[in-house]
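Reminder, nothing fancy here: chain letters follow the sequence lines and each chain counts from 1. Heavy atoms only: backbone and side chains are in, while hydrogens, waters and symmetry mates are out. These numbers come from a predicted model, not from an experiment.
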Amino acid sequence: MKPGPFVYHRPLSVQEALSVLTDVGHEGKILAGGQSLIPILNMRLASPSHLVDINRVPGLDEVTVSSEAVRVGALVRHRQLERDTGAYAANPLLRQALHCVAHPAIRNRGTTVGSIAHADAAGEMPSVAVLTEAVMEIRGPSGVREVAADDFFEGALETCLDHDEILEAVRFGRFPEGTGTAFLESARRHGDYALAGVAAAVTVTDGTIVSARASFVSVTEVPTRLDLTEAVAGQEPGAVDWSVIDDLVQEHISPEADIHATADYRRVLAGELTRRALAQAVTR
Amino acid sequence: MTEETYAIAVTVNGVVYHRSVPGRRLLSDFLRHDLELTGTHVGCEHGVCGACTVLVDGEPMRSCLMFAVSAPGHEITTVEGLGNTPEAMNPVQQAFIECHGLQCGFCTPGFLTTITAYLRDHPDPTSAEAREAISGNLCRCTGYQNIVKAVLRAAEIAREAPAAASTSGGASA
Ligand SMILES: Cc1cc2nc3c(=O)[nH]c(=O)nc-3n(C[C@H](O)[C@H](O)[C@H](O)COP(=O)(O)OP(=O)(O)OC[C@H]3O[C@@H](n4cnc5c(N)ncnc54)[C@H](O)[C@@H]3O)c2cc1C
Ligand code: FES
Ligand code: FES
């Protein structure tokens, strides 16, 4: 349960980090909060020969709220974003979801951007990224490119990030006025990875629903957004029979079985959580 | 091939320690092996059990999920820094004794650090909040009931004698 040997790099700027990553090629790994990477190293599931610790790079730990987005830098810890009142006011879903990410001791060190780069479909924040139509700010040797969350996640733990690129910030989108959000999940113990989870956003204009969408945790291979607008548009939020979305949800998800739950159980759970999350979202 | 080492200066319980360590030395092993501060315990080494929890700049973190080379510039507090003599016990330690909050004691250092930081931010928790506060720490002996009681009792002790609630300061060595 100890990592293999590696050369430790501690760059003091993004440029320096990028040049190390370019030099060491596929043997390099970025170390952010280490709350996903270090368990992997300890268990020797990976043994990169170079670690590039970005924790000393200044300027990456800022949360900035604009009219369109909440921009979260690569070194913003889950806990910092969870507590940020500006971010909460701009998009309450961030705090609602972060409360379910691991235990406080993990959130104190782990970064939100790192969990998105890690791209675990059992993670809460990749799912929030797709629901809010987040934009990934990726810096590589030839400058910055911006990638939509929908195009960023490619498979289980796979993204479009190249080995010599840094995910410098994530801009989580803000919802239109009149939108309520909710995040619900079920785990064996609060803070553990969820058996199933759902993020929901419903927009109401002049007393009727104009849009509804959801994204999922632990029941899809990659985080994806499900648009439920057609099923409920035009209805009064207080009078909706949310079971009309059941078939859409069941078609969308593809849960798998593991020691914690069967695939069928996860299906039932995801359906129920989605109905409840939508109903909760319209009351906010 | 000999492994490259890095000279580091790490502040633990107010004392600055200078050592030379390989990059892969976990902070938990650094504390236990290099500094011989064996109060910090190691259970799972992947973040799940909480036995290795220390305070980094006052906030609980897993020392098994940090490298020693990342620690310079931070103030580390281990269970030894909580007031480790029978005369100067921290309220949480006192409450653990009063409420019988430990049996074998393996998990205890992680609970003490976690709860100390929690009560600083939440001085008057409900029983449900106390449960959630310790949900990231595993104990195989007690069944948790007495640990929950100890959280509530510690809050009481801290309120009665706020001056005793602080952690110890330190010198340089
Ligand atoms: C006990 C435990 C329980 C947990 N429970 C949950 C949970 O319920 N839900 C959840 O979502 N997460 C959970 N986590 C994981 C946690 O959220 C991590 O903090 C997060 O997944 C990774 O963030 P990090 O900063 O620690 O990244 P690291 O561990 O440092 O890195 C993770 C990966 O992303 C890469 N990376 C990191 N930052 C960047 C960047 N800026 N650019 C490019 N690549 C980058 C690294 O190279 C590495 O491959 C848990 C962890 C533990 C130990
Ligand atoms: S040893 Fe660090 S959490 Fe278990
Ligand atoms: S007292 Fe034995 S593990 Fe907690």
Next on the checklist: Counting only heavy atoms from other residues, nucleotides and ligands, does the tally under 6.0 Å from CZ of A:R276 exceed 12?
Outcome noted: no
Item to check | For the student: nearest non-hydrogen atoms of B:C64 and A:I38, plus distance | outcome: O-CG2, 3.7 Å
Checklist entry - Is the shortest heavy-atom distance from the side chain of B:L65 to the side chain of A:R109 under 4.5 Å? => result no
Checklist entry - Which bit of B:L26 is near chain A, if near means a heavy-atom gap under 4.5 Å: side chain, backbone, both or neither? => result side chain
Checklist outcome for this item: Rounded to the nearest 0.5 Å, the OG atom of A:S47 sits from the CZ atom of B:R24 at a distance of 9.0 Å
Checklist entry - Considering only heavy atoms from C-beta outward, does the side chain of A:Y8 approach that of B:T5 to under 4.5 Å? => result no
Checklist entry - Do A:K2 and B:D29 come within less than 4.5 Å of each other through their side chains, counting heavy atoms only? => result yes
Checklist entry - Is A:R79 paired with B:E59 through a side-chain N to carboxylate O contact shorter than 4.0 Å? => result no
Checklist entry - Where does A:N108 contact chain B at under 4.5 Å (heavy atoms): side chain, backbone, both or neither? => result both
Item to check | Contacting region of A:L41 [heavy-atom separation from chain B under 4.5 Å] | outcome: side chain
Item to check | Side-chain heavy-atom pair B:R62, A:H103 within 4.5 angstrom cut-off | outcome: yes
Checklist entry - Top residue by heavy-atom pair count (under 4.5 Å) with chain B, among A:L37, A:I40, A:V7? => result A:V7
Checklist outcome for this item: Most contact-rich option vs chain A, by heavy-atom pairs under 4.5 angstrom, among B:P60, B:G23, B:G73, is B:P60
Next on the checklist: Do B:V69 and A:R10 make a side-chain contact, defined as non-hydrogen atoms from C-beta onward lying under 4.5 Å apart?
Outcome noted: no
Item to check | Separation between CG of A:N55 and NE2 of B:H74, rounded to the nearest 0.5 Å | outcome: 7.0 Å
Checklist entry - Going by heavy atoms in the side chains, are A:P3 and B:F67 under 4.5 Å from each other? => result yes
Next on the checklist: Need one label for A:R56: side chain, backbone, both or neither, based on atoms under 4.5 Å from any heavy atom in chain B.
Outcome noted: side chain
Checklist entry - Looking at B:C44, B:G136, B:A117, which has the largest count of heavy-atom pairs under 4.5 Å with chain A? => result B:G136
Item to check | Contact class of A:L31 relative to chain B, heavy atoms under 4.5 angstrom | outcome: side chain
